[in-house]
2 protein chains.
Amino acid sequence: MLMQGANSNSSLTPSLKRPAVRMPASEERAGSIELMGALMPFGRNSEIFGENESADYLYKVVSGSVRSYKVLVDGRRQIGAFYVPGDIFGLESGDTHTFSAEAITDCKILVIKRSAVMALAARDPDVARQMWAATARELARVQAHSLLLIKTAQERVASFLLEMAERVAADGLVELPMSRQDIADYLGLTIETVSRTLTQLEKTAAIGVPSSRRILLRNRSALRRLNA
Amino acid sequence: MLMQGANSNSSLTPSLKRPAVRMPASEERAGSIELMGALMPFGRNSEIFGENESADYLYKVVSGSVRSYKVLVDGRRQIGAFYVPGDIFGLESGDTHTFSAEAITDCKILVIKRSAVMALAARDPDVARQMWAATARELARVQAHSLLLIKTAQERVASFLLEMAERVAADGLVELPMSRQDIADYLGLTIETVSRTLTQLEKTAAIGVPSSRRILLRNRSALRRLNA
DNA sequence: CGACCATTTGATATGGATCAAGCGATGTGG
DNA sequence: CCACATCGCTTGATCCATATCAAATGGTCG
């Protein structure tokens, strides 16, 4: 399943190379989770894991960005989350992934064997607590996302921009790694509505759109006011 | 904050009585979390905790049912979850609750001090793992709820009925503890739409509605087909 | 330059919201 | 025990935000 990352795209061959730093087992302690994984490259649009695959690994974005999504029976795609450098993903309840994950851009992902984490967590309460905390953070994100989905188009787009700004912006300029279609599928809207809403926000001077992937936040408090 | 359960309603005085079974500290082991709490009664519509209050306790429904919700700035109320006997709630990311919780019906809630759980988890990896698992289950539920919110009215109502059926039904007959308004706020619809959708499902013989709080699932596969 | 894909813009359709009224059950006071 | 108020729910009529269908524009890469 991990290998699918390779074939669905590109000439990248993510040969699972040993991480540079590897502590002897006795040294594995709280905070060392990140030293337990292997750094793997994924090409744009390649699959990192698929829905219903067994969740044998955890993932941490080192560079690039990732979308998690689910395709509904009627063909609609719902994006559950965008992950940017620093984010951990692949935390799921059971032993199988409930979402798929794809690289939005070329990216480097730290891939960590879940069983190793579990084993470590069984010995080290602090590691267990860290995993709990990571899951709880994810829970909070999903809850916030739920709240998005009951808002109006303007509110959703405004919330999205503010969210991305927090995570990825250099002083007011948000560089979006994802397409309008990705945004639409994240917000539960159509690309047309996303596009129209952006032009609308531009007209009211809340934002600027120098290029389609670059959004300048001119008036954050106006956006926050829309945040309902 | 805990006391609000008492005053906002009824003559019940939830005097924090000691639980019947109380193990000496040395005996507190995995699975004993439930012995660490106090059983408290809450009257219908009374508040169990409020948004932004510090999350000092975890809760487990023993009898009755509970709604968690958030009131948005514009006055709309979004219900995040319904909890029935056996469910744990009040797990939040940080140290403050992000939702409020109210008793839908009179209920009995096991109230557990979070710090006690945390302390125990620090010593006992299995407890920590259990808490992680509980949080992960909650995460899965919220994710499922997110997916609901992008569906059509029919799909949302059908999914809701199937969800409640799994949790609360005695062979096909779902006894709803909550009002149409609660359902509407959970599904991100209006009560009119919920009502209309139910009559519509009744006409297609997918369900029966002997009384407004009792729903008979006549044709689950039809509902599942709607589940998109 | 030309083909292709992403995005924007325009015209129309529609699902669910909103506004408004009717109905049935439950409870209260006479 | 019945008249009446109240509350929760259903049903009806209309409106509106967003979807859908369709076309134009712009940006990128061979």
Side-chain angles (χ1 to χ4, degrees), chain A residues 9-10 44-45 67 72 74-79 104-106 148-161 174-204 207-215 226 228, chain B residues 44-45 67 72 74-79 104-105 148-161 174-204 207-216 226 228:
Chain A
N9 172 298
S10 82
R44 190 164 124 84
N45 292 326
R67 62 180 164 249
L72 306 184
D74 61 4
R76 275 175 304 179
R77 180 185 69 158
Q78 174 63 19
I79 290 185
I104 293 176
T105 61
D106 287 350
L148 254 194
L149 296 177
I150 63 161
K151 299 186 192 174
T152 66
Q154 277 218 351
E155 292 165 347
R156 296 188 210 193
V157 172
S159 302
F160 168 74
L161 291 175
V174 182
E175 298 258 7
L176 298 174
M178 73 290 285
S179 70
R180 292 288 185 271
Q181 187 63 63
D182 286 340
I183 298 172
D185 290 348
Y186 179 66
L187 298 180
L189 299 170
T190 58
I191 57 175
E192 292 96 330
T193 299
V194 171
S195 181
R196 275 188 249 271
T197 304
L198 286 171
T199 36
Q200 202 176 329
L201 290 174
E202 193 177 20
K203 276 176 192 156
T204 66
I207 64 172
V209 188
S211 84
S212 72
R213 298 291 181 105
R214 292 176 177 212
I215 312 282
L226 284 178
Chain B
R44 190 165 123 85
N45 291 327
R67 60 179 165 250
L72 307 184
D74 61 3
R76 276 175 303 177
R77 179 185 68 159
Q78 174 64 20
I79 290 187
I104 293 176
T105 61
L148 255 193
L149 297 176
I150 63 161
K151 299 186 191 175
T152 67
Q154 275 217 352
E155 292 165 346
R156 296 187 211 194
V157 172
S159 301
F160 168 73
L161 291 176
V174 181
E175 298 257 7
L176 298 173
M178 72 291 283
S179 70
R180 292 288 184 274
Q181 187 62 63
D182 285 340
I183 298 172
D185 290 349
Y186 179 66
L187 299 180
L189 299 170
T190 59
I191 57 174
E192 292 96 330
T193 299
V194 171
S195 181
R196 274 188 251 270
T197 304
L198 286 171
T199 34
Q200 202 176 329
L201 290 175
E202 195 177 17
K203 276 176 192 153
T204 65
I207 64 172
V209 188
S211 84
S212 72
R213 298 291 182 103
R214 292 177 177 210
I215 312 283
L216 185 62
L226 285 178

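Residue numbers begin at 1 in each chain, while the letters A, B, ... track the order of the sequences. What you are looking at is a predicted structure, and each value in this text was computed from that prediction instead of being measured.
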Arg214(A) CZ - dT7(C) C1' separation (whole Å)
17 Å

Return the value, rounded to whole Å, for the distance between atom CG of Leu198(B) and atom P of dT10(D).
6 Å

Any chance you could measure Leu176(A), atom CG, to Ile104(A), atom CD1, to the nearest 0.5 Å?
10.0 Å

Is atom CZ of Arg214(B) surrounded by more than 12 heavy atoms (other residues, nucleotides or ligands) closer than 6.0 Å?
no

Could you tell me the separation between the NZ atom of Lys151(A) and the P atom of dA17(D), rounded to a whole number of Å?
18 Å

Would you mind building the protein contact string for nucleotides 20-30 of chain D? One character per nucleotide, 5' to 3', B for base within reach (heavy atoms under 4.0 Å), S for sugar-phosphate only, - for untouched.
BB---------

Strictly below 4.0 Å, N to O, side chains only: are Asp182(A) and Arg77(A) in salt-bridge contact?
yes

Sugar-phosphate only, base, or nothing, as touched by Ser195(B) at under 4.0 Å among non-hydrogen atoms
base

CG of Leu189(B) to NZ of Lys151(B): how many Å apart, nearest 0.5 Å?
12.5 Å

To the nearest angstrom, how far is Leu187(A) atom CG from dA17(D) atom C1'?
16 Å

Using a 4.0 Å heavy-atom cut-off across all strands, classify Ser211(A) as base, sugar-phosphate, or nothing.
nothing

Please determine if Arg76(B) and Glu155(A) form a salt bridge, counting it only when a charged side-chain N lies under 4.0 Å from a carboxylate O.
yes

Establish, with yes or no, whether the OP1 or OP2 oxygen of dT18(D) is under 4.0 angstrom from a side-chain nitrogen or oxygen of Arg156(A).
no

Show the numbers, then the answer: is there a side chain to side chain contact (heavy atoms under 4.5 Å, CB included) between Arg67(B) and Asn45(B)?
CA-CA 9 Å; Arg67(B) 60 179 165 250; Asn45(B) 291 327; 2.9 Å; yes

Does the side chain of Leu198(B) come within less than 4.5 Å of Glu202(B)'s, by heavy atoms?
no

Within this structure, what is the CG-to-C1' distance between Leu149(B) and dG16(C), rounded to whole angstrom?
15 Å

Charged N-O contact under 4.0 Å between Arg44(A) and Asp106(A):
no

Just compare dT9(C), dT8(C), dT18(D) and give me whichever is closest to any side-chain atom of Leu189(A).
dT18(D)

What do the steps show when you test Leu149(B) against Arg156(B) for side chain to side chain contact (heavy atoms under 4.5 Å, CB included), and what is the final call?
CA-CA 7 Å; Leu149(B) 297 176; Arg156(B) 296 187 211 194; 4.3 Å; yes

Atom CE of Met178(B) to atom P of dC9(D): distance rounded to whole Å?
11 Å

Anything under 3.5 Å between a protein N or O and an N or O of nucleotides 23-26 of chain C, put it in a table, one pair a line.
none

Interatomic distance, Gln181(B) CD vs dT10(D) C1' [rounded to whole Å]
14 Å

Could you check how far CD1 of Ile150(A) sits from C1' of dG16(C), rounded to whole Å?
15 Å

